[in-house]
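These notes concern the structure reproduced below.
Keep in mind it's a predicted model, so treat the numbers as computed, not measured.
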Amino acid sequence: MQTTVLLYLTIHKTSSLFLLLRYLGSILSEDNTIDNEVQNRIKQASAAFGRLRRRVFQNKNLHLRTKVCVYQAICITTLLYSCEAWVTYSRHIRALEQFHIRCLQRILRMTWRHRVPHSEVLSKTNCRSIEATITQHQLRWLGHVVRMPSNRLPRRVLYGQLHHGRRSAGGQKKRYKDQLKTALKTCKIRPEALEDVAAD
């Protein structure tokens, strides 16, 4: 019995001669970066925030906790869609954090003139930073993959090694495994203890 799989793809040509592939709501670029994806996520989350701004975030009859819950459920979910597979650089985190703080300031009715530190904005709204949220999502996905049977494709890719080829000399592009190692180090999880931690 044969199975037919249909893929709905949208391909865009950019001025930089790189092809952009839109698949399941995410933008995949030919140069394997998430620059376009991050900008698209910010655009989508900004549109979601704008639609709810008057009825929710500027509504004086709603409690702050309710506003923040709506923001996290809709705007943050839109902003970080598919972040489990992202390989982030500081420029991506910086752009996402700026959007995040700006939205929280608007919910709190603050402006830059108030000179309130970002840490205090996060504390007042009981929110995590974007970097911490991405790390949490990626570790959750990593634990899910580690618990998969050994014949599942995501697990095979995670533990797989290339038999041929080598990395070029000079500065290297950050790999997904490098991203995960950084997340594990941030949470003080030893790689050799990963499977035991994931089993819990």
Side-chain angles (χ1 to χ4, degrees), residues 5-59 62-112 118-119 121-122 124-142 144-145 154 173-176 179-180 182-183:
V5 180
L6 298 179
L7 300 179
Y8 295 91
L9 308 174
T10 304
I11 299 178
H12 306 277
K13 287 186 178 180
T14 65
S15 57
S16 60
L17 301 180
F18 287 119
L19 290 179
L20 301 180
L21 178 70
R22 185 182 294 274
Y23 176 62
L24 295 179
S26 294
I27 294 180
L28 309 177
S29 63
E30 192 178 27
D31 59 346
N32 294 323
T33 65
I34 62 168
D35 294 347
N36 292 289
E37 171 65 0
V38 167
Q39 292 304 316
N40 179 57
R41 290 290 104 212
I42 292 175
K43 180 181 177 181
Q44 297 292 337
S46 180
F49 187 90
R51 286 192 293 269
L52 295 169
R53 187 170 183 176
R54 287 188 178 180
R55 300 187 65 180
V56 178
F57 304 129
Q58 292 182 344
N59 190 338
L62 292 179
H63 194 274
L64 175 61
R65 183 178 178 183
T66 303
K67 296 178 182 180
V68 172
C69 286
V70 172
Y71 168 73
Q72 290 181 327
I74 297 177
C75 300
I76 291 297
T77 300
T78 302
L79 182 67
L80 300 183
Y81 175 77
S82 76
C83 72
E84 292 84 356
W86 286 357
V87 177
T88 57
Y89 288 85
S90 58
R91 65 181 183 273
H92 304 132
I93 298 297
R94 186 164 54 250
L96 293 165
E97 290 285 9
Q98 287 174 352
F99 173 80
H100 182 43
I101 294 296
R102 189 165 61 247
C103 289
L104 294 179
Q105 287 174 334
R106 289 175 179 173
I107 292 174
L108 293 170
R109 296 180 177 274
M110 290 180 178
T111 66
W112 62 270
H118 292 178
S119 57
V121 173
L122 294 172
K124 284 179 178 292
T125 55
N126 196 26
C127 288
R128 296 188 188 92
S129 67
I130 288 297
E131 187 172 15
T133 305
I134 291 176
T135 298
Q136 180 191 39
H137 286 204
Q138 291 186 337
L139 289 179
R140 184 184 298 153
W141 169 248
L142 177 61
H144 176 62
V145 173
K173 283 189 174 182
K174 191 176 179 182
R175 301 170 300 178
Y176 185 62
Q179 177 83 14
L180 295 179
T182 301

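- The nearest pair of heavy atoms linking Trp86 to Leu79 is CH2-O, 3.6 Å.
- One N or O on the side chain of Glu97 and one on the backbone of Ile130 form a donor-acceptor pair closer than 3.5 Å.
- One distance of note links CD1 of Ile76 with OG1 of Thr133; it measures 6.5 Å at 0.5 Å rounding.
- By the neighbour-count criterion of 12 heavy atoms within 6.0 Å, atom CG of Asn59 is densely surrounded, having more than that number from other residues, nucleotides or ligands.
- Atom CD of Gln44 sits in a crowded spot, with more than 12 heavy atoms from other residues, nucleotides or ligands closer than 6.0 Å.
- Side-chain atoms of Glu37 and Asn40, non-hydrogen and from C-beta on, do get closer than 4.5 Å to each other.
- For the atom pair Lys43 NZ and Asn36 CG, the distance stands at 11.5 Å (nearest 0.5 Å).
- For the pair Arg94 and Gln98, the minimum side-chain heavy-atom distance is below 4.5 Å.
- Proximity of a side-chain donor or acceptor of His92 to a complementary backbone N or O of Tyr89 within less than 3.5 Å is detected.
- Between Trp141 and His144, the ring planes lie tilted relative to each other; the angle falls in the 30° to 60° range.
- Interatomic distance, CG of Leu62 versus SG of Cys69, reported as 11.5 Å (0.5 Å rounding).
- For the pair Ile107 and Leu64, the minimum side-chain heavy-atom distance is below 4.5 Å.
- Among residues at least two apart or in separate chains, there is no salt bridge (charged side-chain N to carboxylate O under 4.0 Å, His left out) pair with a member in residues 50-59.
- Note: His137 NE2 to Thr135 OG1 = 10.0 Å, rounded to the nearest 0.5 Å.
- Nearest heavy atom pair, residue Leu122 against residue Arg128, reads CD2-O, 3.7 Å.
- Dense packing is recorded around NZ of Lys174, with more than 12 heavy atoms of other residues, nucleotides or ligands lying under 6.0 Å away.
- Counting all heavy atoms, side chain and backbone alike, Ala45 lies closest to Thr78 at N-CG2, 3.7 Å.
- The side-chain heavy atoms of Arg41 and Phe99, taken from C-beta on, include no pair separated by under 4.5 Å.
- Ring planes of Tyr71 and His100: parallel class, angle under 30° (limits at 30 and 60°).
- The structure places CD1 of Ile42 at 13.0 Å from SG of Cys75, a figure rounded to the nearest 0.5 Å.
- Using a 4.5 Å cut-off on side-chain heavy atoms (C-beta onward), Thr88 and Leu96 make no contact.
- Side-chain contact between Gln39 and Asp35: absent, with no pair of heavy atoms (C-beta onward) separated by less than 4.5 Å.
- Inter-residue side-chain proximity for Val68 and Asn126 is flagged as unmet; no heavy-atom pair is nearer than 4.5 Å.
- Looking at every heavy atom in both residues, Phe57 comes nearest to Lys67 through O-NZ, 3.3 Å.
- Note that CG of Leu80 is 10.5 Å distant from CD of Gln136, once rounded to the nearest 0.5 Å.
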